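First comes the structure, then the notes that go with it.
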There are 2 protein chains.
Amino acid sequence: MRSEDIAKLAGVSRSTVSRVINNYSNVPEKTREKVMKIVEEYHYEPNTSARILAGKSTNTIGLFVISTTEKHNPNRIYQNNYFAPFVDALVDTANAMGYYVLIHTIYSEDDFIKVKQAFQQKRIDGGIIVGTENNMAMARVIADLEVPFVLIDYDIAELLENRLDRNNLAVINSKDYEGAAKAVEHLISLGHRDIAFISGRQNTYSGKQRYQAYMTTMQDHGLKVIEKHVLSGDFLRAKAEQEVKKMLLCDAATWPSAIFSANDEMALGAMDACKGLGVLIPEQLSLIGFDDIPVAAQLNPNLSSVSLPIYEMSQKAALILVEMCEKGSASFSTISFPTQLMIRETTRELNASL
Amino acid sequence: MRSEDIAKLAGVSRSTVSRVINNYSNVPEKTREKVMKIVEEYHYEPNTSARILAGKSTNTIGLFVISTTEKHNPNRIYQNNYFAPFVDALVDTANAMGYYVLIHTIYSEDDFIKVKQAFQQKRIDGGIIVGTENNMAMARVIADLEVPFVLIDYDIAELLENRLDRNNLAVINSKDYEGAAKAVEHLISLGHRDIAFISGRQNTYSGKQRYQAYMTTMQDHGLKVIEKHVLSGDFLRAKAEQEVKKMLLCDAATWPSAIFSANDEMALGAMDACKGLGVLIPEQLSLIGFDDIPVAAQLNPNLSSVSLPIYEMSQKAALILVEMCEKGSASFSTISFPTQLMIRETTRELNASL
DNA sequence: TTGAAAGCGCTAACAC
DNA sequence: GTGTTAGCGCTTTCAA
């Protein structure tokens with residue numbers, strides 16, 4: 001069924017059918033009804049390719065999940081607790097606005113060409129980049145495309161430095177610095193002074209922010225950061241377990257009284273290490289993570305953490321993107337979502353009576 | 001940059017460019033190189049819409065997530081432990097074969113038209129349905145489309161009954177019956193005779209299979225199913241907690257010695273109920289779930305469960321679908337993946353000395 | 001208010 | 001081997 005068939009059946013021309021389909025104002029109600037009746041009767045659906053070729057938009061947005069380090073990880077990005085709710089809200093919000101979502105995973109710099117291709121092939125109107133790297137080279141490629149794009153978890157300052165505050169670009173972040181500072185301050189308020197830190201990957205924006213927040217907050221409160229208590233992690237469980245174990249194998253007198261882990265995954269690793277060595281949480285060691293993954297509230301003891309409004313962030317990403325696609329609102333914008341401290345059972349007052 | 005521009009620069013015609021792009025055999029190596037040089041130099045990408053309009057396939061598959069009951073659930077499908085790894089493997093596998101994935105959520109029967117539209121609008125070559133309902137009406141609509149489609153977790157017998165074993169259709173299941181039987185038999189082998197069951201939604205294939213497996217296995221072993229010990233659940237945590245609590249509020253002498261829960265989510269609810277009433281697992285009550293969600297192995301005590309090869313199922317779905325799209329291999333096929341019993345800490349021998 | 005006709009960029013049958 | 005040309009189905013100027 002083509003528009004021409006509909007036209008014939010309705011006794012009008014293809015142009016009129018097109019006008020009706022596209023809700024043009026200059027077609028009388030009577031003609032519109034006549035055409036719509038046939039359209040509905042035959043369940044006519046215009047051919048998307050033909051429409052796009054004739055200059056219409058695709059009504060499709062691309063979601064590109066950058067995951068250059070995780071291809072061979074057991075801890076795949078789709079299974080991680082950031083991506084699942086993210087895609088949920090994104091697809092939902094986009095669908096509700098009449099948009100389709102094209103999803104693609106990027107595992108290497110070479111794969112990155114897929115983003116460009118999706119545009120050049122006219123498959124999508126705009127795109128969203130969510131991933132773990134704060135990669136300025138990629139951002140530049142995106143910016144040079146000069147199409148609507150939303151960047152998630154990118155360093156705004158660095159973007160500005162590189163003059164990438166281009167139109168059609170939006171950045172959506174969470175306030176990781178603030179969240180991490182709250183976590184450290186929570187520990188300090190409980191009387192902890194020797195607080196260890198398990199860092200995340202430093203090539204990510206959130207990894208850096210959480211690290212800096214830890215360092216600065218400690219300093220601001222006049223607390224000494226003990227070099228051996230700053231453990232180098234990679235956001236994954238296994239390495240964190242090793243590092244914590246190594247630290248706890250030293251003389252117990254040198255142990256920190258609390259650990260702030262840059263994410264929950266690594267906090268689980270810390271718990272593994274403690275369990276293995278018979279160290280009690282929170283009796284001997286307080287522990288707080290970041291991300292507030294669903295497991296956090298289900299563990300025994302429940303893990304204290306900092307939660308991120310991922311769902312809202314993703315929803316906002318879809319909204320902003322569609323707006324940019326439709327209105328061509330050509331301004332650079334950024335938005336940073338607040339975090340929330342979730343105090344549970346793994347953090348307690350230093351030397352609390354048992 | 002259009003094919004015509006490339007043609008001019010390379011000193012050939014548009015047809016030749018097209019032949020090179022589409023890897024036709026009847027173009028000499030020399031010409032091919034000449035054209036490719038220009039193509040690469042200018043990063044030329046053919047316009048997808050034009051190609052599709054001219055009769056090429058879209059190289060895109062649709063993933064439709066049916067979720068008619070879960071729109072307002074806190075336990076959204078994208079966050080559930082079935083969907084996340086499913087989309088992971090699917091996108092990965094499809095991308096690796098050069099396919100894009102268009103994703104759409106269907107929240108109601110009305111939304112279902114989106115599946116049809118995606119095809120009629122020529123957005124996708126084939127589709128995959130994953131969801132929670134074993135809905136024959138939907139299956140019929142799909143079958144009538146006569147395009148490549150993969151159905152996940154559908155009742156093959158019912159499909160056959162309805163003569164929906166059409167070409168271009170494939171069904172991918174897990175052996176839920178077998179898995180559930182293994183779970184019940186495991187409890188029986190531990191000496192349990194009064195085994196309670198928390199059922200899942202009966203409008204799902206897996207819900208039904210797990211229920212039937214429980215009933216039949218009990219019967220096969222000459223064990224009596226006590227009506228009050230067959231709890232009616234909905235696959236969600238809250239209701240399961242209520243039901244288990246209600247059961248445990250009766251005289252302790254009437255308690256079952258073990259519970260088989262149709263999924264882990266509800267097993268968590270059962271654990272909540274026990275915790276609330278001070279009932280010890282596994283000392284007083286053995287418990288086994290289904291799905292082997294990641295949390296299962298992280299709880300204290302670790303939850304025994306039955307694991308499903310979701311990743312492999314999804315991978316297979318992508319492979320079969322692409323094969324159907326490309327080869328037009330027009331046969332009805334089904335494949336059922338085996339399950340695996342994961343014995344952990346929540347199941348123990350009846351009256352084991354403590 | 002409506003229709004005719006010229007594209008949009010590509011593929012493929014046909015002719016050379 | 002390679003070029004010419006006629007579509008694919010739609011939108012949108014332009015004219016009437």
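In this text the structure is predicted, and so the values were computed from the model without any measurement. By convention in this document, chain letters (A, B, ...) are assigned in the order of the sequence lines, proteins followed by strands, and residues within each chain are numbered from 1.
The distance between atom CZ of B:Arg14 and atom P of D:dG7, rounded to the nearest whole Å, is 14 Å. Nucleotide D:dC8 holds its P atom 18 Å from the CG atom of B:Asn47, rounded to whole Å. Atoms NZ (A:Lys122) and C1' (D:dC10) sit 15 Å apart, rounded to a whole Å. Look at CD on A:Glu45: it is 11 Å from P on D:dC10, rounded to the nearest Å.
In this structure, the helix from C:dT1-D:dA16 to C:dC16-D:dG1 shows an angle of 40° between the axis at its start and the axis at its end, each fitted on 5 base pairs and rounded to 10°.
The neighbour count for A:Lys316 NZ, taken as heavy atoms of other residues, nucleotides or ligands under 6.0 Å away, does not exceed 12.
Under the 4.0 Å criterion applied to side-chain N and carboxylate O atoms, B:Asp5 and B:Arg2 are assigned as salt-bridge partners.
Residue-level contact check: A:Ser18 touches the bases, meaning some heavy atom is under 4.0 Å from a base atom. Within the nucleic acid shown, A:Val12 comes within 4.0 Å of sugar-phosphate atoms alone, with no base atom in reach, counting heavy atoms only. At a threshold of 4.0 angstrom between heavy atoms, the contacts of A:Ser15 include nucleobase atoms, whether or not backbone atoms are also involved.
Qualifying salt bridge (charged side-chain N to carboxylate O under 4.0 Å, His left out) partners for A:Asp144, counting only residues two or more places apart in sequence or in other chains: A:Arg166. For A:Tyr100, the ring-ring contact (aromatic ring centres under 6.0 Å, His included) test picks out B:His104, with sequence neighbours left out. Scored by the ring-ring contact (aromatic ring centres under 6.0 Å, His included) test, A:Phe149 finds A:Phe119 as partners (sequence neighbours excluded).
Of the residues in residues 20-37 of chain B, those lying under 4.0 Å from DNA chain D by heavy-atom distance are B:Asn26, B:Pro28, B:Thr31.
From the 5' end on, the contacts that DNA chain C makes with chain A at under 4.0 Å to a non-hydrogen atom open and close at C:dT1 to C:dG9.
Partner B:Tyr44 forms a side chain to side chain contact (heavy atoms under 4.5 Å, CB included) with one of B:Val35, B:Ile21, B:Leu9 and no other, that one being B:Ile21.
Two residues, A:Arg19 and A:Arg2, neighbour DNA chain D, and the one matched to the more 5' nucleotide by heavy-atom proximity is A:Arg2.
If you check the side chains of A:Arg51 and A:Asn22, you find a donor sitting under 3.5 Å from an acceptor. Residues B:Arg19 and B:Thr31 have side chains that never bring a donor and an acceptor to within less than 3.5 angstrom of each other. Donor-acceptor pairing under 3.5 Å is lacking for the side chains of A:Asn135 and A:Tyr154. At a cut-off of 3.5 Å, with distance as the only test, a side-chain donor of B:Thr58 or B:Asp125 sits close to an acceptor on the other residue.
Proximity of A:Asn59 to B:Arg123: side-chain heavy atoms (C-beta onward) are separated by under 4.5 Å at one or more points.
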